[in-house]
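One is the number of the first residue; the rest follow in order along the sequence. Computation of the quantities below employed the complete heavy-atom set of this structure, encompassing side-chain atoms and omitting hydrogens, waters and symmetry-equivalent molecules.
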Amino acid sequence: MTDGTPPTVATTDRHAAPAAGRRLSRPVLVTYGLAQLVLLFWWAVYHPGLFSPDSLSYITQATTGTWNTHHPITYTGLVWLSLQIFGGVGALTGLQTVAMAIGLAYAVGGLRRVGVPGWLAAGAAVVTVALPPVGGFVIAVWKDVPFVICHVFLLGTLARVVARHRAGLRPVLPAGLLAAAAVEMTLICLFRQNGFIVVAIVAVACALLLRPAGRLLITTVAAATAALLTNWALLPALGVRDSGSLVAYEALFADISVAYAADPAAFPPEHTEVMARVAPLSHWRDAADCYHSDSLTYAEPFDRRAASVHSGALVDVWLATLGRAPGTVVGARICRSSIGWSPLPAGTISRNPPEWSLRAWVERDRDFQKSPSAHVARMRPLDERVHRIGAELTGLANRPGLEWLMWRGATWTYLAYAAVGFAAWRRREPALLALAALSAGNQLSVLIVNNVQAARYMAAPYVLGVLLLPLLAVRRSPAATTAAPSDAAAPPAATGGPAVEVGGGDRDGADPAPPRQRGDHDGPAAQARLDERG
C-alpha cells in the first residue's frame, strides 16, 4: 500500500454516510419550493386554467357519458374526478403545478448524481417554469401537460440509472427505480399515442449504452404492454367506445392534397371520384398546405363523415400516390414535421391556448353546450393585477423574432443533444448519452407523423432541453489510478462498493464515484468531492 490506508477507507468518506443518502439536499428542496411558487403565480394568472377545443371535449365526455378514445381516457378521467370532487377544473390544474414542481425536484436530484452542479441544476429547473411558454402550458387543461410531467420524472429516473452505471453498481437496479420507470413509461404511453415511440427509443438507448440493461428492458416492455392492454382490452370492457377518429388519417389526406395540387393530371378518374365524395376537387387543390392538414380537413367543404366512410378508399389513393410520387409525399411529410426539426419559424405555429378564444370555441361546440358543467370553462383570474403581469410576460414571449427561442422545441432539442454529447465526451462516459433518449424519441415521433405546427408536440423536448443544458458545466473525471492485482481481484465490498451506492444520494449532490482504490488521492472520489462543492 502506497499510503498506508486500508482498502475500506472509502466507507468512511462523508459522501458515503448512510444518513446523508436518505436526506433531501438543499438544491432539491429549493427547486421544489421555488418552482411551486412560480407555478402558483401562473395558476393565479390563468385560473382555473387555459382551455382549448380539446379541453371542451374532455369536459363533454366526462359529464355526458359519451366516453370515447378520441382523447386519452387517462386524462379525461382526471377531468371527471376534478369535476366530481371539486366542481371544476381548477383543482386539476393546481395539482398539475404540484406534480411538475415535484418532478423538477426529482430530476434535479438525478442530474446532480451524474455530476451537474446542484445549484445550477436547480436554477435551470426554476427558469424552466418561469418561461411563459412553459408556465402557461402547465396550467392548461390538456393531456399534453401530464405527458410532459412524466417525461420530467423519467429523466430523473434515467439519471439515477446512469449514475449507478458510472458508480460500478451495474448488476443490480433497485426495485424502487424499476417501479418508478415502469409507472412513468406506462403513463407516457397512456397520455399520448406517440409515447410508445418514446419508450421504444429509451429501450434502444439503454440496450446500447448500459450494461447490463436486462431488467430495465424488461420494465420497458412491461410498461408498453400494460398500456396496450389498457387500450385494447380494459377500455372496451368498461364500455369506452372506439371513436373512429380521423386524426390518424389527416396526414394521409394532406399528402393527397399536396400531390393533387402539384400534378392533378396524374390522378386517375377512379381516384378523383373517391376524393370528390369527400370534398370538391377544387378544395383538395386550393387547400394544399404542406405545413398544416387543418386547412384541408377542418374547412367547411370537407365532409368529415364522408371521409370516415370512405377512409379505406382514400388510403388506397394515398398508397397509389406514394408509389407514383414518393418524393412529393416525403417532402410534404418533412415540411409538416417542421415543428420537430426546424429551430426557425416554419408555417403558422400554434402556441398555448389564448384566453380570448375561449368564448368562440364554446359558441362553436354544440356538444359542449349540452354539458351540465359547461359553466366551468370560464376564466376567473385570482387577482387582476397578477393577471395583467402574466399577460404582459406572455406578450413578451410572443414578440416577433423570439419564436425560435420561446416556442420552438427543436431549438432546445439540439441544445440538449449538444450538452449531453459534451458531457459524455468530457467524462469519457457514453452512458450519459442515454439522457438524450427522451428528446430523441419525441423528435422522431413528430418526424414520423404530424398534422399541424403545434408547439405542444415538442413541449417535452423543450422542458428537457432547459433541464439538460447545465450538463455543459460537468467537470472532467481524472483517470483512475491503475489498481494493483490484489485490488483488481477484491470483491466490491472490499473496495467500498455498497458505500458508493448510498453516497450517490448525498446531501450535497456529488455524483457517485467509482470505488476508491489504494493510492487514489486524485481519482474519481476526489472528483466527486469537487463536484459536490460545485
Distance-only donor-acceptor pairs under 3.5 Å for side chains of residues 296-303, two or more places apart:
| unit_1 | atom_1 | unit_2 | atom_2 | d |
| --- | --- | --- | --- | --- |
| Thr297 | OG1 | Ser293 | O | 3.1 |
| Tyr298 | OH | Glu250 | OE2 | 3.0 |
| Asp303 | OD1 | Arg305 | N | 3.1 |
| Asp303 | OD1 | Ala306 | N | 3.1 |

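- Qualifying side-chain hydrogen bond (donor to acceptor under 3.5 Å, both in side chains) partners for Tyr414, counting only residues two or more places apart in sequence or in other chains: Gln443.
- Side chains of Ser350 and Gln453: a donor-acceptor N/O pair is absent below 3.5 angstrom, by distance only.
- Remark: Tyr457 engages no residue in a side-chain hydrogen bond (donor to acceptor under 3.5 Å, both in side chains) (not counting sequence neighbours).
- Under the disulfide (SG to SG under 2.5 Å) criterion, the residue pairs touching residues 283-328 are Cys290-Cys335, with sequence neighbours excluded.
- Applying the salt bridge (Lys or Arg N to Asp or Glu O under 4.0 Å) test to Arg277 and every residue at least two apart in sequence or in another chain returns Glu273.
- In this structure, Arg428 forms a cation-pi arrangement with Trp425, its terminal cationic atom sitting closer than 6.0 Å to the ring centre and no more than 45° off the ring axis.
- Thr220 is linked by a side-chain hydrogen bond (donor to acceptor under 3.5 Å, both in side chains) to nothing, counting only residues two or more places apart in sequence or in another chain.
- Every pair tested for disulfide (SG to SG under 2.5 Å) that includes a residue from residues 415-445 fails, sequence neighbours excluded, so the list is empty.
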Check residues 381-391 and write down every donor-acceptor pair under 3.5 Å in which the side-chain atom is one partner and the other belongs to a residue at least two apart or another chain.
| unit_1 | atom_1 | unit_2 | atom_2 | d |
| --- | --- | --- | --- | --- |
| Asp383 | OD2 | Arg385 | N | 3.0 |
| Asp383 | OD2 | Val386 | N | 2.9 |
| His387 | NE2 | Glu355 | OE1 | 2.9 |
| His387 | NE2 | Glu355 | OE2 | 3.3 |

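- Applying the ring-ring contact (aromatic ring centres under 6.0 Å, His included) test to residues at least two apart or on different chains, the pairs with a partner in residues 138-162 are Tyr106-Phe153, Phe147-His151.
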Distance-only check: which donor-acceptor pairs under 3.5 Å involve side-chain atoms of residues 311-318, not counting sequence neighbours?
| unit_1 | atom_1 | unit_2 | atom_2 | d |
| --- | --- | --- | --- | --- |
| Ser311 | OG | Ser308 | O | 3.2 |
| Trp318 | NE1 | Asp255 | OD2 | 2.9 |

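- Note that Arg324 lies in the cation-pi zone of Phe267, set by a 6.0 Å cut-off to the ring centre and a 45° limit from the axis.
- Listed by chain and number, the residues in a side-chain hydrogen bond (donor to acceptor under 3.5 Å, both in side chains) with Ser82 amount to none (sequence neighbours excluded).
- Remark: the Trp43 side chain and the Thr93 side chain contain an N/O donor-acceptor pair separated by less than 3.5 Å.
- Considering all non-hydrogen atoms of both residues, Arg427 and Val114 come closest at NH1-O, 3.6 Å.
- For Ala99, the side-chain contact (heavy atoms from CB on, under 4.5 Å) partners are Ile149, not counting sequence neighbours.
- Between the side chains of Thr63 and Ser373, not a single donor N or O lies within less than 3.5 Å of an accepting N or O.
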